[in-house]
Amino acid sequence: MPDLRMPTPTEIRDLNQHVGEDVTVTGWVETTRGHGKVAFVVVRDGTGVVQGVFLKKELDAAVWDAHGTLTQEATVALSGVVREEPRAPGGYELGVTGVEVIAPSEEYPIQPKEHGVEFLLDHRHLWLRSSQQRAGLKVRAEISQATHDFFYERDFTRIDTPILTGSIGEHAGTLFETDYFGETAYLAQTGQLYVESACPAFRRVYCFGPTFRAEKSKTRRHLTEFWMVEPEVAFADSDDNMRLQEEYVSYLVERALERCSDELEVLGRDTAALERVKPPFPRISYTEAIERLQAKGSEIEWGQDLGAPDEVLITEDFDLPVFVYNYPKEAKAFYMKENPEDPRTVLCNDLLAPEGYGEIIGGSQREDDLVRLRERIAEEGLPEEAYGWYLDLRRYGSFPHSGFGLGIERTVAWITGRHHIREFIPYPRLMNRLTP
RNA sequence: GCCUCCUUAGCUCAGUCGGUUAGAGCACCUGACUGUUAAUCAGGGUGUCCCAGGUUCGAGUCCUGGAGGAGGCGCCA
């Protein structure tokens, strides 16, 4: 039974359909500006922002006086008549007739001014309310939804892989450990091995969940907890894999342009650079990348992995994301398939985002030969017993297959054109930040 | 793990050559103002100068050690 004493709130995004009507919006006070006989109160309700106009001569003293008690982030129900007003942010405003303070707010720590990073991260639970943070997280949510839509439309089955695991992923040194009833458990650093196991059941699968890396990285591109999308496709080779990647990344960009134009504007993104993002993306082999770098004066030699400055040099020649494929096997993980045309390299690719955002995807064709896979595990000095069930996948009906991992926060940072990926996860976990 | 820089009011910062009483803006409170857009104008007070030692007649300032933070590298998505 609805409470009939409370008028049904109207959402701010719908105000343009209620011009001339008396409505009530519920939300939080962003700012107030008083001028003696007129006052402006800006309210956010989560769907939008609207200013309420208090006119002293048209209001009861109690309602007029109330505007002075509205503090930043107080919860209010604001009633008034909707009207079109070019001077108002958003084009519509509320001629206030009544106001109720649902809950007061104490002196609010975050002011409409510059703050330091440490202060903002200490107040992340409040920082979420500010316009640029709302915009960034809204784009993240859209990219996340677009991911599910993309793979669902292409008949992929979503496989939720475990977060707690007893087996190691790629690199034992970067695992978070925790106690699991007396034995050691690890927080998953990839879902890949598990999605590979689901391929013979569903053919095309993907996982999308949190990933944990105990890397002591202090850069704008790293989090210790981040979200990764990992598709895996049976009977796909490395070329099929790259085609899927460019199609997927282009789909994400298109969705952001289509559904998040307001947010991209709040974030100051130049969308012309995004409009260009359509398949095919440029592809250069690792060997060609080394030649290009040497031509630009780099000291890099064949066999070394590309560093962050090298990636910037490569991407500055293109205005699209760039594939770099077939790296030397020493630079890559044990499970990648050897390149039959050049056994020094493996069938893999990175996708480097333009404008200096670096690697947003790492992918490869997987080693499907049991003997070669065991040799590679031994060569890397990894404990074979940790991969027992993974090797079973090559014992019981092995098959060529490929997949990749895309980091959501890095992708959103690139699409929004912002500097640091910590703004694109609600609660960033950094090397020295576990709260709030 | 390595390199560089930073730490002064609730917040963002200034503080000269080491000098006696520690500075501004914002936030907050009071007042003025009928169209603001981070409103404007006038008034109001706020300090463990990150911590511990040291040098000095005297340290926010110089030295040593420690803590916290930022940026970059490596590693990766």
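Naming convention: chains lettered A, B, ... in sequence-line order (proteins, then strands); numbering from 1 in each chain.
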Listing time: all N or O pairs from protein to nucleotides 1-7 of chain B that are below 3.5 Å?
| unit_1 | atom_1 | unit_2 | atom_2 | d |
| --- | --- | --- | --- | --- |
| B:rG1 | OP1 | A:Lys216 | NZ | 3.3 |
| B:rG1 | O6 | A:Lys216 | O | 3.3 |

Please list, pair by pair, any protein nitrogen or oxygen found under 3.5 Å from a nitrogen or oxygen in nucleotides 31-40 of chain B.
| unit_1 | atom_1 | unit_2 | atom_2 | d |
| --- | --- | --- | --- | --- |
| B:rC33 | N4 | A:Gly36 | N | 3.4 |
| B:rU34 | O4 | A:Lys57 | NZ | 3.4 |
| B:rG35 | O2' | A:Arg87 | NH1 | 2.8 |
| B:rG35 | N1 | A:Glu93 | OE1 | 3.4 |
| B:rG35 | N1 | A:Glu93 | OE2 | 3.0 |
| B:rG35 | N2 | A:Gln51 | NE2 | 3.1 |
| B:rG35 | N2 | A:Glu93 | OE1 | 2.6 |
| B:rU36 | O2' | A:Arg33 | NE | 3.0 |
| B:rU36 | O2 | A:Arg33 | NE | 2.7 |
| B:rU36 | O2 | A:Arg33 | NH2 | 2.9 |
| B:rU36 | N3 | A:Gln51 | OE1 | 2.9 |
| B:rU36 | N3 | A:Gln51 | NE2 | 3.4 |
| B:rU36 | O4 | A:Gln51 | OE1 | 3.3 |
| B:rU36 | O4 | A:Gln51 | NE2 | 2.5 |
| B:rU36 | O4 | A:Arg87 | O | 3.3 |
| B:rU37 | N3 | A:Arg87 | O | 2.8 |
| B:rU37 | O4 | A:Arg87 | O | 3.0 |
| B:rA38 | N3 | A:Pro112 | O | 2.5 |
| B:rA39 | OP2 | A:Arg33 | NH1 | 2.3 |
| B:rA39 | N6 | A:Gly34 | O | 3.1 |
| B:rA39 | N6 | A:His35 | ND1 | 3.3 |
| B:rA39 | N1 | A:His35 | ND1 | 3.3 |

Between protein and nucleotides 41-50 of chain B, what N or O pairs are separated by less than 3.5 Å?
none

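A distance of about 16 Å separates the C1' atoms of B:rG68 and B:rU48, rounded to the whole Å. With both ends at atom C1', the span from B:rG60 to B:rC13 equals 14 Å, rounded to whole Å. Between B:rG58 and B:rC17, the distance separating the two C1' atoms is 15 Å to the nearest Å. Here, B:rU7 and B:rU61 have their C1' atoms 14 Å apart, quoted to the whole Å. As rounded to the nearest Å, B:rU21 and B:rU4 have C1' atoms that lie 37 Å from one another. For B:rC28 and B:rU64, the P atoms lie 43 Å apart once the distance is rounded to whole Å. For B:rA24 and B:rC33, the C1' atoms lie 26 Å apart once the distance is rounded to whole Å. Across B:rG47 and B:rC11, the matching C1' atoms stand 14 Å from one another, rounded to whole Å.
Remark: the backbone N or O of A:Phe281 is paired with a side-chain donor or acceptor of A:Glu246 at under 3.5 angstrom. A donor-acceptor pair is defined here as one N or O able to donate and one able to accept, closer than 3.5 Å; no such pair exists between the side chain of A:Thr157 and the backbone of A:Val205. Side-chain atoms of A:Asn326 do not come within 3.5 Å of backbone N or O of A:Ser285 as any donor-acceptor pair.
Ring-plane geometry between A:Phe40 and A:His35 is classed as perpendicular, the angle between the planes exceeding 60 degrees on a 0 to 90 degree scale with a lower cut at 30. Using cut-offs of 30° and 60° for the angle between ring planes, the A:Phe119 and A:His123 rings count as tilted. Classification of the A:Trp64-A:Phe54 ring pair by plane angle, with boundaries at 30° and 60°, yields perpendicular. Taking the six-membered ring for Trp and thresholds of 30 and 60 degrees, A:Tyr286 and A:Tyr327 have ring planes inclined between 30 and 60 degrees apart.
Put simply, the side chain of A:Ile415 reaches to within 4.5 Å of the side chain of A:Leu274, judged on heavy atoms.
Relative to the six-membered ring of A:Tyr357, A:Arg220 meets both conditions, a distance below 6.0 Å and an angle of at most 45° to the axis.
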Run the side-chain donor-acceptor check on residues 406-414 of chain A: report pairs under 3.5 Å with partners two or more places apart or on a different chain.
| unit_1 | atom_1 | unit_2 | atom_2 | d |
| --- | --- | --- | --- | --- |
| A:Glu409 | OE1 | A:Trp227 | N | 3.2 |
| A:Glu409 | OE2 | A:Arg140 | NH1 | 2.8 |
| A:Glu409 | OE2 | A:Arg140 | NH2 | 3.4 |
| A:Glu409 | OE2 | A:Trp227 | N | 3.2 |
| A:Arg410 | NE | A:Arg221 | O | 2.9 |
| A:Arg410 | NH1 | A:Glu359 | O | 2.9 |
| A:Arg410 | NH2 | A:Arg221 | O | 3.1 |
| A:Thr411 | OG1 | A:Gly407 | O | 2.8 |

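Computed from coordinates, the A:His123 NE2 to B:rG10 P distance equals 12 Å when rounded to whole Å. For the pair A:Glu230 CD and B:rC76 C1', the computed distance is 13 Å after rounding to whole Å.
At least one side-chain nitrogen or oxygen of A:Arg422 sits closer than 4.0 Å to the OP1 or OP2 atom of B:rG71. Contact annotation: A:Asn432 does not reach the phosphate of B:rG68 (side-chain N/O to OP1 or OP2, under 4.0 Å).
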Exercise for review: Check the pair A:Arg418, A:Gln132 against side-chain hydrogen bond (donor to acceptor under 3.5 Å, both in side chains), reporting the backbone distance first and the verdict last.
Suggested key: CA-CA 10 Å; A:Arg418 301 278 289 187; A:Gln132 293 196 330; 3.1 Å; yes
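Of the candidate nucleotides B:rA70, B:rA27, B:rC75, B:rA27 has the atom nearest to the side chain of A:Gln111. With distances taken from any side-chain atom of A:Glu118 to the nucleotides B:rA70, B:rC76, B:rG69, the minimum falls on B:rG69. Candidate nucleotides B:rC11, B:rG72, B:rC75 were compared by shortest atom distance to the side chain of A:His222, and B:rC75 ranks first. The side chain of A:His420 sits closest to B:rG71 out of B:rG71, B:rA70, B:rA77.
If you check every strand for non-hydrogen atoms under 4.0 Å, A:Arg221 touches a base.
Under a 4.0 Å N-O distance rule, the pair A:Glu380/A:Arg376 qualifies as a salt bridge. Ion pair A:Asp160/A:Arg158 flagged as a salt bridge, since at least one NZ, NE, NH1 or NH2 atom sits closer than 4.0 Å to an Asp/Glu carboxylate oxygen. Under a 4.0 Å N-O distance rule, the pair A:Glu338/A:Arg372 qualifies as a salt bridge.
Residue-to-nucleotide proximity on RNA chain B shows that, of A:Arg433 and A:Leu223, the 5′-proximal contact is made by A:Arg433.
Residues A:Pro321 and A:Pro282 approach most closely at O-CD, 3.3 Å, considering heavy atoms.
Taking the six-membered ring wherever Trp is involved, the centroid distance between the rings of A:Phe151 and A:Tyr248 falls below 6.0 Å.
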Practice item. Any chance you could encode RNA chain B as dot-bracket? Rule is Watson-Crick or G-U wobble with both distances under 3.5 Å; [ ] for pairs crossing earlier ones, | for another strand. Key: (((((((..((((.....[...)))).(((((.......))))).....(((((..]....))))))))))))....
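Counting heavy atoms of neighbouring residues, nucleotides and ligands inside a 6.0 Å radius, atom OH of A:Tyr152 does not exceed 12 of them.
For RNA chain B, the neighbouring residues in residues 293-312 of chain A, judged by any heavy atom under 4.0 Å, are A:Asp305, A:Gly307, A:Ala308, A:Pro309.
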